[in-house]
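Following: one structure in structure tokens, then a few remarks.
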Amino acid sequence: MPEKINIRGVGVDNVSLAEATAICDEFICGDKLRAVFTPNAEILQSCIERPELMELVNSADLVTPDGAGVVLASKILKTPLKCKTAGCELGIEVAKISAERGYRVFLMGGKPASEGAPSIADQAAEKLCERFPGLNVVGTNDGYFNKNSVENDAIIDKINAAAPDVLYVCFGVPAQEEWIAANRSRLTSVRLCLALGGSLDVYSGNVRRAPKFFIKTNLEWFYRLCCEPRRIGRMMKLPKFIFGTMFAKKSRNNQQ
């Protein structure tokens with residue numbers, strides 16, 4: 001397994017996208033379920049503010065650095081991560097190897113069908129299968145259900161009946177991580193659970209990822225803010241996290 005870098009209490013794996021994909025491939029070939037979480041700087045700040053969330057994120061088998069803010073924090077702390085590894089991109093790579101190797105995939109999350117339009121998960125399945133011929137999506141389910149009810153029990157049964165190797169869980173943080181932790185022992189065939197937030201919205205074509213310029217210049221967050229100004233409250237956690245990291249480094253140096 002890769003080196004763990006401690007970023008404000010969260011152990012983040014120092015992996016590239018290719019390395020994370022290879023690890024996911026190994027997990028799928030294993031004999032037990034493995035969970036992959038992909039926190040960005042906003043989520044790491046939430047972990048600092050909520051110890052129970054930090055414990056939950058640290059329980060994952062692989063934690064990838066989703067965002068330039070996480071990489072910047074690692075550099076501030078003088079324990080640099082090699083690069084960011086976006087969860088949305090990791091999900092694409094896992095779909096690609098699943099098509100190549102015949103892994104069975106189940107997509108869960110997003111809005112349900114409405115007014116004749118398929119659910120987000122169904123739309124994402126269609127787009128992914130077009131992109132990766134041979135991809136075997138054995139089932140889908142929306143993310144709008146009571147996670148603590150008999151409805152959840154029925155969905156667990158639905159997943160187990162479909163017998164997927166890979167399960168995409170896309171509810172947003174912390175609902176997706178909590179769901180995986182609460183239900184992983186009940187998933188009989190799944191070997192890899194990916195917690196990927198709003199990735200199904202992107203895969204379905206309903207939400208556009210930032211243009212390559214913004215991604216390469218680490219300004220994807222700015223593009224998303226321009227597209228969704230209501231995110232400003234959440235985005236304020238990014239400077240809070242970075243300045244907090246600078247203060248934490250200074251405090252650590254003063255104690256040495």
Side-chain angles (χ1 to χ4, degrees), residues 1-5 7 10-30 33-44 57-71 74 81-101 103-110 120-121 124-125 127-129 131-132 135 137 143 164-174 176-177 179-180 184 190-205 207-210 212 214-216 218 220-221 224:
M1 288 297 293
E3 176 191 15
K4 286 276 189 183
I5 302 295
I7 309 294
V10 175
V12 180
D13 290 285
N14 193 10
V15 289
S16 66
L17 179 60
E19 290 166 341
T21 303
I23 291 169
C24 287
D25 195 10
E26 292 176 6
F27 285 169
I28 298 168
C29 295
L33 186 151
R34 305 279 191 157
V36 177
F37 297 163
T38 61
N40 57 20
E42 174 191 334
I43 295 167
L44 291 189
V57 171
N58 279 328
S59 73
D61 299 283
L62 181 68
V63 178
T64 67
D66 186 343
V70 180
V71 177
S74 74
L81 292 159
K82 61 183 69 177
C83 60
K84 69 176 181 180
T85 302
C88 189
E89 294 173 3
L90 180 59
I92 287 292
E93 293 303 309
V94 170
K96 180 180 178 181
I97 64 169
S98 294
E100 294 170 349
R101 291 159 170 67
Y103 300 145
R104 297 164 63 85
V105 173
F106 194 107
L107 306 178
M108 182 166 64
I120 292 295
K127 295 288 186 180
L128 288 172
C129 288
R131 183 170 179 178
F132 303 112
L135 178 62
V137 178
D165 302 298
V166 183
L167 176 62
Y168 287 61
V169 184
C170 304
F171 302 153
V173 179
Q176 59 196 13
E177 290 81 7
W179 188 92
I180 291 171
R184 62 186 299 168
V190 178
R191 292 295 173 263
L192 177 66
C193 272
L194 296 169
L196 297 180
S199 293
L200 294 188
D201 291 300
V202 177
Y203 302 158
S204 69
V207 172
R208 289 184 59 190
R209 274 206 81 190
K212 291 183 179 180
F214 289 90
I215 296 174
K216 289 182 177 180
N218 295 324
E220 188 171 4
W221 63 271
R224 293 178 69 186

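For clarity, every value in this text was computed on a predicted model and none was experimentally measured. Sequential numbering from 1 along the given sequence is applied to the chain's residues.
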Minimum side-chain heavy-atom gap [X]-[Y] below 4.5 Å:
| X | Y | value |
| --- | --- | --- |
| Val137 | Leu128 | no |
| Pro2 | Ile23 | yes |
| Asp61 | Phe27 | yes |
| Leu167 | Leu194 | no |
| Tyr103 | Leu192 | no |
| Asp25 | Arg101 | yes |
| Val202 | Ser204 | no |
| Trp179 | Phe171 | yes |

Review point. Is there a donor-acceptor contact under 3.5 Å from the side chain of Thr38 to the main chain of Ala195?
Key: yes
**Study point:** Main-chain N/O of Leu33 paired with Arg184 side-chain donor or acceptor, under 3.5 Å
**Key:** yes
Exercise for review: Going by the side-chain contact (heavy atoms from CB on, under 4.5 Å) test, name the single residue among Val94, Val166, Thr64 that passes it with Cys24.
Suggested key: Val94
Point to revise | From CD (Glu177) to SG (Cys193), nearest 0.5 Å | key: 11.0 Å
Review point. Passes side-chain contact (heavy atoms from CB on, under 4.5 Å), Ile92 versus Arg131? Steps please.
Key: CA-CA 10 Å; Ile92 287 292; Arg131 183 170 179 178; 3.4 Å; yes
Practice item. Flag the pair Lys84 and Asp66 as a salt bridge only when some basic side-chain nitrogen lies within less than 4.0 angstrom of an acidic carboxylate oxygen. Key: no
**Study point:** Salt bridge flag under 4.0 Å for residues Glu19 and Lys82
**Key:** yes
On a heavy-atom basis, which atom in [X] and which in [Y] lie closest, and how many Å separate them?
| X | Y | result |
| --- | --- | --- |
| Leu81 | Ser74 | N-OG, 2.9 Å |
| Pro65 | Cys83 | CG-O, 3.5 Å |
| Tyr168 | Gly91 | OH-O, 2.7 Å |
| Ser16 | Thr85 | C-OG1, 3.6 Å |
| Cys170 | Gly197 | CB-O, 2.9 Å |

Exercise for review: Show the numbers, then the answer: is there a side-chain contact (heavy atoms from CB on, under 4.5 Å) between Phe37 and Leu196?
Suggested key: CA-CA 7 Å; Phe37 297 163; Leu196 297 180; over 6 Å; no
Exercise for review: Apply side-chain contact (heavy atoms from CB on, under 4.5 Å) to Glu93 and Leu17, showing your working.
Suggested key: CA-CA 8 Å; Glu93 293 303 309; Leu17 179 60; 4.0 Å; yes
**Study point:** Of Asn58, Asn14, Asp13, the residue whose pairing with Lys4 passes side-chain hydrogen bond (donor to acceptor under 3.5 Å, both in side chains)
**Key:** Asp13
Exercise for review: Under the side-chain contact (heavy atoms from CB on, under 4.5 Å) rule, what do Tyr203 and Cys88 come out as? Steps first, then yes or no, please.
Suggested key: CA-CA 9 Å; Tyr203 302 158; Cys88 189; 3.7 Å; yes
